[in-house]
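Encoded as structure tokens, the structure appears first; notes follow it.
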Amino acid sequence: MENQEFNRKIKKHLPAKAPEKLSDKENRLLADEIKQLLKQKNAVIIAHYYTDPMIQKLAEETGGFIGDSLEMARFGAEHAAKTLLVAGVRFMGESAKILSPEKTVLMPDLAAECSLDLGCEPEEFKKFCAANPDRVVVVYANTSAEIKALADWTVTSSIAVDVVKHLAGEGKKIIWAPDRYLGDYIQRRTGADMLLWNACCIVHVEFDADKIKSLKAANPDAELLVHPESQPEVIALADVTGSTSQLLQASKTRPAKKFIVATESGIFYKMQQACPEKTFIIAPTKAPSELYQCEGNCPWMKMNNLQNLRDALKNRSGEIRLAPEIIEKALLPLSRMLEFRKKHS
Ligand code: 13P
Ligand code: SF4
């Protein structure tokens, strides 16, 4: 997708305004109501690390789950609850539905998009794949169910390098979509022959290498943790590059007491909880942005709040519905990843 067209599409889908802030008392009342509803409806909360800390806390208190996009999908499939309440962005709800078609999957707001998903349209992608029929199609989990239905493999950032290394070892050439920076990172790590789609994450693309260098110079004791959706010059400065769960793990196991973190700031909840004695600083971003000033906050992740979480449960709104033939086709590349993970972990 051309940059201008990509920007136009992103702008159209950005949330119109930030949700109004509620008082502590209102949030406490909402949390209590959600706890009751979860029991009544035999439901469980599955939240991504990037969601509001109040949602993550509620997931923990109610036997739900907080994790990266791979772990979220697995948890939903393995849990006994009949209803999965997915706090994250739409592709995460869709992955849960693909793996658990018999369950009701609800999302607080179905308009919670992802710029990578938006940047990869099925019709265009079909043409791209048809023009390169000799290549295995590997897509990032941050894609719609329709895109997954066109793929041979679906991967998340926690497993992408291992899967591509394995495919390259079998002599396979690869189509990668949609994140060009993650694709470039995987390509450099594996040496695989990869054709890259051209979309990016509007949050990670903003991290600024020069400003990070200055911040590191001012904090020589700090280590830099980077999600591989960031640009190569930021990745080049990293002490650790990895998926959200890998970065969280690094924050626990590395001896450093201070970290500069180039990923979405929601992850600070779990980092700070695991390491209360350590300091976490969000990596500085480019300013001003021609698109949207994220400053380490995903505008779509932040659309999830206690109010719409309650409403989804109460009214059974925000239900993920997918055509059975899409589920059937999209299940194949997702199951391959889960099988691969089982075999290689
Ligand atoms: P993870 O798969 O690492 O959780 O990342 C998902 C995501 O949206 C990153 O921006
Ligand atoms: Fe998508 Fe980026 Fe938001 Fe992750 S942080 S959900 S990749 S827009």
Side-chain angles (χ1 to χ4, degrees), residues 6-7 9-11 13-15 46-52 56 65-75 86-96 107 109 111-120 139-144 147 154-163 177-183 185-186 197 199-207 225-231 234-235 240-251 261-271 282-283 285 289 291-304 334 337-338 341:
F6 178 71
N7 287 0
K9 191 149 190 212
I10 300 303
K11 274 188 186 149
H13 284 89
L14 282 167
I46 304 178
H48 190 267
Y49 290 125
Y50 292 168
T51 53
D52 187 302
Q56 297 189 48
F65 185 75
I66 309 164
D68 70 14
S69 45
L70 171 63
E71 295 159 350
M72 285 170 78
R74 258 207 353 245
F75 179 88
V86 178
V89 293
R90 210 186 50 227
F91 78 82
M92 294 171 177
E94 290 188 350
S95 295
M107 296 203 70
D109 194 332
E113 294 280 356
C114 165
S115 61
L116 293 169
D117 182 349
L118 289 170
C120 192
V139 300
Y140 194 23
N142 299 36
T143 47
S144 64
I147 293 290
T154 293
V155 296
T156 62
S157 49
S158 59
I159 205 170
V161 168
D162 293 340
V163 168
D179 189 328
R180 67 173 179 273
Y181 296 118
L182 178 57
Y185 169 73
I186 300 167
W197 189 258
C200 66
C201 162
I202 62 166
V203 181
H204 290 87
V205 79
E206 266 188 6
F207 293 118
L225 307 179
V226 176
H227 195 285
E229 289 169 11
S230 308
Q231 301 202 48
V234 172
I235 294 178
V240 178
T241 305
S243 70
T244 46
S245 45
Q246 289 161 348
L247 297 183
L248 176 60
Q249 184 61 13
S251 74
V261 183
T263 194
E264 216 272 359
S265 64
I267 196 144
F268 284 20
Y269 172 72
K270 290 302 283 181
M271 287 181 169
I282 191 76
T285 54
S289 161
L291 246 181
Y292 183 86
Q293 204 64 50
C294 297
E295 291 176 332
N297 294 297
C298 173
W300 295 295
M301 285 284 181
K302 295 320 188 226
M303 287 170 84
N304 295 277
L334 263 174
M337 166 175 70
L338 295 177
R341 158 104 193 202

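As the structure lists them, so they are numbered: ligands from 1, and atoms in each ligand from 1. Residues take their numbers from the sequence shown, with the count starting at 1.
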Is the closest heavy-atom distance from [X] to ligand 1 below 4.0 Å?
X: Glu264; value: no
X: Cys201; value: no
X: His48; value: yes
X: Tyr49; value: no

- Query: According to the interplanar angle, ranging from 0 to 90°, do the rings of His227 and His204 count as parallel (below 30°), tilted (30 to 60°) or perpendicular (above 60°)?
  - Reply: tilted
Interfacing atoms of ligand 1 (cut-off 4.0 Å, heavy-atom, [X]):
X: Ser69; value: 1 (P), 2 (O), 4 (O)
X: Ser157; value: 1 (P), 2 (O), 3 (O)
X: His204; value: 10 (O)

Using modelled atom types only, decide if a donor and an acceptor are shared between the side chain of [X] and the backbone of [Y] within a distance under 3.5 Å.
X: Glu206; Y: Cys294; result: yes
X: Trp197; Y: Gly119; result: yes
X: Gln56; Y: Tyr49; result: yes
X: Ser265; Y: Gly296; result: yes

- Message: Run the side-chain hydrogen bond (donor to acceptor under 3.5 Å, both in side chains) test against Asp68 and tell me which residues pass, sequence neighbours left out.
- Response: Ser245
For [atom], what's the nearest protein heavy atom and its distance?
atom: atom 5 (O) of ligand 1; result: His227 NE2, 3.5 Å
atom: atom 4 (Fe) of ligand 2; result: Tyr50 CE1, 3.9 Å
atom: atom 9 (C) of ligand 1; result: Glu229 OE2, 3.1 Å
atom: atom 1 (P) of ligand 1; result: Thr244 OG1, 3.5 Å
atom: atom 7 (C) of ligand 1; result: Asn142 ND2, 3.6 Å

- Query: Distance below 2.8 Å from atom 1 (Fe) of ligand 2: how many protein N/O/S atoms qualify?
  - Reply: 1
- Just one of Cys201, Cys200, Pro228 clears the side-chain contact (heavy atoms from CB on, under 4.5 Å) bar with Tyr181, so which one? Cys200
- Message: Could you go through Asp117 and Asn142, starting from their C-alpha distance and side-chain angles, then the distance that decides it, and tell me whether this counts as side-chain contact (heavy atoms from CB on, under 4.5 Å)?
- Response: CA-CA 6 Å; Asp117 182 349; Asn142 299 36; 5.7 Å; no
- Query: With the threshold set at 4.0 Å, does a side-chain nitrogen-carboxylate oxygen contact exist between Lys302 and Glu264?
  - Reply: yes
- Query: Taking distance alone, with no angle check, do Ser243 and ligand 1 share an N/O pair under 3.5 Å?
  - Reply: no
- Between Asn297 and Val203, what is the shortest heavy-atom contact and its length? O-CG2, 4.0 Å
- Task: State, to 0.1 Å, how close Thr285 and Gln293 come at their nearest heavy-atom pair, and which atoms those are.
- Result: OG1-NE2, 4.0 Å
- Message: If you apply the rule side-chain contact (heavy atoms from CB on, under 4.5 Å), what do you find for Phe6 with Ser115, and how did you get there?
- Response: CA-CA 9 Å; Phe6 178 71; Ser115 61; 4.1 Å; yes
